Amino acid sequence: MERKILSLAMVILLVLAFCLDSQAKSVIKVDGSSTVYPITEAMGEEFQKVKKGSVHVTVGISGTGGGFKKFCRGETDISDASRPILKKEMEVCKENGIQYIELPVAYDGLAVMVNPKNNWVDKLTVEELKKMWEPDAQGKITNWKQIRPEWPDLPLKLYGPGVDSGTFDYFTEAIVGKAKASRGDFTASEDDNVLVQGIAGDKGGLGYFGVAYYEENKDKLKLVPIVNPKTGQAVLPSIDTVMEGIYQPLSRPLFIYVNLKSVEKPEVREFVEFYLKNAPKLVKEVGYIPLPEKAYPMALERFTKKELGTVFGGEPEVGLKVEELLKKEAKH
Amino acid sequence: MWEYKGRLSKYLDKLFMIFGLLLCLTGLAVITILLIDLFIDGSPRLTLKFLISYPSRSPEKAGILSAWVGSFLVMFVTVFAAIPVGVAAGIYLEEYAPKNWVTDIMEINIANLSGVPSVIFGLLALGVFVYMLGLGESILTGGLTLALLVLPIVIMSTREAIRAIPQAIREASYACGATRWQTVRWHVLPYSMGGILTGVIIGLSRAIGETAPLVTIGALTFIAFLPSPPISTEFPFISFRWLLDQFTVMPVQIFNWVSRPQKEFHLNAAAASIILLLMTLIMNGFAIYLRYRFRRKIRW
C-alpha cells in the first residue's frame, strides 16, 4: 500500500518535471527599493512577454540601501533606488571596480494627509511641517493649537514610514533639512496601509506617504496642499503639479542604476532600452507619475552614450527638475 | 466550618472551569473571525488560474505559481536537512551523552536557540551560506536557513519522545545481547517516531510562514519562472540544479501584496493566505496519518 502511494507520487513528479522546460536561460537580476519595485515588476513582466520567455527578469525588494550593497558587490545588474546613491555607497562601488549609469525613471509625490473630519487645515507650509516633525518637537509639539493658534485644541498624532525607508530619508531631507533627522514619537510602519488606517481613524491624525496610497483611499483621507517655498502658492499633489515641478519640495525622482559590465550583455541593454521606452505608459499604470516627455529620450541618450556616475555627487538634493538633472555633469 | 469551606471549594472549582472555557472560546472566536474575514476577501480569487499564474502588475492576472513551488521546494530541503541532524542530536543527548557540564552547556544553548528571533538566523545564513560557502541566494540556502530555525524544536521533541519510552524496553533489549546502537535502531527510534514527527511538523509549520530570514538571504519578490526541473532527459536523469536556483516563497509574496496601495492586491494576499493555510493543513494531516501508522505498529 505504502509502496503504491510512493510510486504514484514519483510518477506524478516525473510527469510534472517533463512538462517544465529545461533550457538554461539568461537572467537579468534587479534588486533595491520597494517603492520602485512595482515599476520594475511591470517592466519585467512585459519584457519577458516580448522576449517570449527567452530572458528572465528577477526583482527583489532589499530596499534602496540593501540594493546598493548587492549592486556594489557586483551581484545585481540593475539597482532600483528611491534616492540617489550616497557617498559611502559610491566608495564601495569604486573599491570593487563597479561603474554604473544613473537613470531617472519616474516621479513620486509624497502626500501629506489628514483625517477627512479635519476641517481646519487649508494648507501647510514647510516651516509648519518642520515644526511638527523636527527632532526638537519630540514630546513638545503635541497639539494642533501649537502649530497655528487659531486651530482647535486637539492632540496632534503623527504617522510616517519606518526609518529604513527612502521615503523617510527624503521627507526629512526636504522638510527638516537633514536626512533621517526626525522626532521619534510618531507611529511608524513599513506598511503604508497601516498608516492609512491610522489616519482614517484619528481626527487629529497627520501623516505622509506616496501619493499612490491616497489615490486608493480617497474616501478615508484628506489631502493637504503644501506651500511651495519658491512661489508661495499652496499646491496639491497631482500628476500635473508633480510633473511640472510645481509640487515642491515633496516630489522626488526615482532611479535605476545599471552596472556598466552588465550593459555588455545584449539582454540587459535591451531591457533598459525597453524600460525607458515603455515608461510613460507603464509608470502611470502602476500608480506613479511619469517624467516629462522630453526626459525619457534624454535618459536614453545618457544610457547609449554610457555616461557614468551620478549627478548628485553623493549628496542628497531636493527640488531638482529631471531635465536639469539630466543636463548636469556626472561625478564618479 | 469545613463544610462551608468545602462548598466554597466546589464553587471555586466550577468558577475556574467556566473561566477556562471562556478563555478557550475567546481564542477560538478570534481565529474564527479572522478566518471568515480571510475567506470572504480571498475566496473570489481562489481559482485554478491563480495557482498557475506568475506575479503580475495587474492584480486580476497575478498568481502564486512561483511562490508555492518555491515554498514547497524550500520545505523539501528543510525536511531533509533538519530531520537527520535534529533526530541524531536528540538521540545523542538522550541515549549517549555523559551527564557532565559540556552536555549541560549544549542543552542550555539548544533551549536558548529556539528563542532567537528568526531574522538573526537569516543574518547568520547570509554570512555563512550565501557568502562563505558561496551557495548564493538559492533554494538550498533558504532550506538550510529554515532547517537551522527548526532544529531546536526537532531536537527537543525528539528528546521528549525518547524519554517517554519505558526504561524496561531498553533493559530487555540489552538482556537479549543487543548493543546500544541496535537498541536505538530497533526499539527506541521506532517507538518514539510518532512524537518525533509531531515535533517536526510543529517546526515545519513555523518555518513555512517565515518571511524575515528569507528576505534577509535574498528571496526575490518578482520571479516569473520556475526552478530547473529535478528530472533531465540526459543521463543520469536526475538533476539537482534547482537547488541553486533563485526563488520566492508564499509569505514573501503575501507581504508584498499586503503593502501595495491597490485593494485588489489585498484580496490576492487573502487568497494566497488561504492557500498557505491549506498547505500547512495538508502537511499536518500527512504527519497525523504517519503518526497513526507508526503508533499502530507498536505493541508492548
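By convention in this document, chain letters (A, B, ...) are assigned in the order of the sequence lines, proteins followed by strands, and residues within each chain are numbered from 1. Bear in mind the structure is a predicted one, so any value in this text is a computation, not a measurement.
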[Y] and [X] side chains, donor-acceptor separation under 3.5 Å:
{"X": "B/Thr248", "Y": "B/Gln253", "answer": "no"}
{"X": "A/Thr76", "Y": "A/Ser79", "answer": "no"}
{"X": "A/Ser82", "Y": "A/Thr64", "answer": "yes"}

Could you tell me which portion of [X] (side chain, backbone, both or neither) has an atom closer than 4.5 angstrom to a non-hydrogen atom of chain B?
{"X": "A/Thr58", "value": "both"}
{"X": "A/Glu45", "value": "both"}
{"X": "A/Ile39", "value": "neither"}

*asked:* Below 4.5 Å, heavy-atom pairs only: which of B/Ser56, B/Ser66, B/Ala224 has the largest tally toward chain A?
replied: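 Sorted descending by pairs with chain A, the first entry is B/Ser56.
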*Where does the angle between the aromatic ring planes of A/Phe68 and A/Phe71 fall among parallel (under 30°), tilted (30 to 60°) and perpendicular (over 60°)?*
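It falls in the perpendicular class, over 60°.
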_Counting only non-hydrogen atoms closer than 4.5 Å, does B/Val252 touch chain A with its backbone (N, CA, C, O), its side chain (CB onward), both, or neither?_
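For B/Val252, no heavy atom lies under 4.5 Å from chain A.
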*Within residues 205-217 of chain A, which positions have a heavy-atom distance to chain B below 4.5 Å?*
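Hits under 4.5 Å: A/Ala212, A/Tyr213, A/Glu216, A/Asn217.
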*So, for A/Pro161 and A/Leu195, which heavy atoms are closest and what is the spacing to 0.1 Å?*
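Nearest heavy atoms, A/Pro161 then A/Leu195: N-CD1, 3.8 Å.
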_On a heavy-atom basis, which atom in B/Ile274 and which in B/Ser43 lie closest, and how many Å separate them?_
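So the minimum-distance heavy-atom pair works out to CD1-N, 4.2 Å.
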Could you list the donor-acceptor pairs under 3.5 angstrom formed between side-chain atoms of residues 121-140 of chain B and any protein atom two or more places apart in sequence or on another chain?
residue: B/Tyr131; atom: OH; partner: A/Arg73; partner atom: NE; Å: 3.2
residue: B/Tyr131; atom: OH; partner: A/Arg73; partner atom: NH2; Å: 2.3
residue: B/Tyr131; atom: OH; partner: A/Glu75; partner atom: OE1; Å: 3.4
residue: B/Tyr131; atom: OH; partner: A/Glu75; partner atom: OE2; Å: 3.1
residue: B/Glu137; atom: OE1; partner: B/Gln246; partner atom: NE2; Å: 3.4
residue: B/Glu137; atom: OE2; partner: A/Lys70; partner atom: NZ; Å: 3.4
residue: B/Ser138; atom: OG; partner: B/Leu135; partner atom: O; Å: 3.0
residue: B/Ser138; atom: OG; partner: B/Thr141; partner atom: N; Å: 3.3
residue: B/Ser138; atom: OG; partner: B/Thr141; partner atom: OG1; Å: 3.1

_Any non-hydrogen side-chain atom of A/Tyr288 less than 4.5 Å from a side-chain atom of A/Tyr107?_
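SC-SC contact between A/Tyr288 and A/Tyr107 ruled out.
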